[in-house]
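Fair warning: this is a prediction, and the values are worked out from it, not measured in the lab.
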Amino acid sequence: MRLNLSQYSQLQSVGGSVAVQAPGYSDPSCGQPDIVVVNQAAGNYIAVSAACPHACCTVQYTGSNFYCPCHGAQFDTTGKSAGIRTNQPLAKLTVCADTTGVTVSW
């Protein structure tokens with residue numbers, strides 16, 4: 001899946017994020033197509049499944065971590081569980097970026 005920076009301008013800034021449905025992606029725990037892509041540092045992006053492994057609710061990126069609004073589970077900026085409500089991490093996806101966009105694959 002290709003996210004062009006001209007279309008997803010939030011990804012141009014460090015700390016910017018977008019939540020999208022990824023056609024063809026199915027979270028391994030919950031079967032959902034939702035992902036979150038974050039610009040962690042200049043040229044450094046991460047993409048994770050947006051499905052909380054605790055109860056399959058959709059997590060939100062807060063600017064400093066991922067948070068499940070349904071049960072309070074928290075995950076660091078790499079998707080690793082903070083040990084609250086679940087010890088399972090968010091599923092990570094492969095990211096490749098260039099000056100025009102971010103490509104996410106699974």
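T58 pairs by the side-chain contact (heavy atoms from CB on, under 4.5 Å) definition with Q32, D34, A50, not counting sequence neighbours. In this view, F66 and Y61 satisfy the ring-ring contact (aromatic ring centres under 6.0 Å, His included) rule, not counting sequence neighbours. Residues satisfying the side-chain contact (heavy atoms from CB on, under 4.5 Å) criterion with T62, sequence neighbours excluded, are S64, N65, Y67.
Listed here is the closest heavy atom pair of P53 and T86: CG-OG1, 4.2 Å. When all heavy atoms are compared, the tightest approach of S49 to D27 is OG-OD1, 2.6 Å. Listed here is the closest heavy atom pair of Q10 and S17: CB-O, 3.6 Å.
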Derivation of the side-chain contact (heavy atoms from CB on, under 4.5 Å) call for I35 and L93: CA-CA 9 Å; I35 65 171; L93 305 169; 3.3 Å; yes
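Contact annotation: the side chain of V14 never approaches that of Q40 to less than 4.5 Å [non-hydrogen atoms, C-beta and beyond]. Taking 4.5 Å as the limit, some side-chain heavy atom of Q60 sits within range of a side-chain heavy atom of P69. In this structure, the side chains of L3 and V37 come closer than 4.5 Å at one or more pairs of heavy atoms.
Going from atom NE2 of H54 over to atom NE2 of H71 covers 5.5 Å, rounded to the nearest 0.5 Å. With values rounded to the nearest 0.5 angstrom, Q88 atom CD is found 5.5 Å from S29 atom OG.
Counting only residues at least two apart or in different chains, disulfide (SG to SG under 2.5 Å) contacts with residues 4-52 comprise C30-C56. Residue pairs meeting the side chain to side chain donor-acceptor pair (under 3.5 Å) criterion with at least one partner in residues 89-106, sequence neighbours excluded, are R2-D98, R2-T100, R2-T103, D98-T100. Contacts classified as ring-ring contact (aromatic ring centres under 6.0 Å, His included) and involving residues 78-99 (residues at least two apart or in different chains) are not found.
At distances below 3.5 Å, at least one donor-acceptor pair connects side-chain atoms of N39 with backbone N or O atoms of L11. Using a distance-only test at 3.5 Å, with no hydrogens or angles considered, no donor-acceptor pair links the side chain of S81 to the main chain of F75. With hydrogens and angles disregarded, no donor-acceptor distance shorter than 3.5 Å links the side chain of N4 to the backbone of S6. Of the possible polar contacts, one joining the Q12 side chain to the L5 backbone as a donor-acceptor pair under 3.5 Å is found.
Residues V20 and V95 fall within the same hydrophobic cluster, defined by Ile, Leu, Val, Met, Phe, Trp and Tyr side chains chained together at heavy-atom separations under 4.5 Å. Transitive grouping of hydrophobic side chains (ILVMFWY, heavy atoms separated by less than 4.5 Å) brings V104 and V18 into a common cluster. With hydrophobic clusters built from ILVMFWY side chains whose heavy atoms lie under 4.5 angstrom apart, Y25 shares a cluster with V102.
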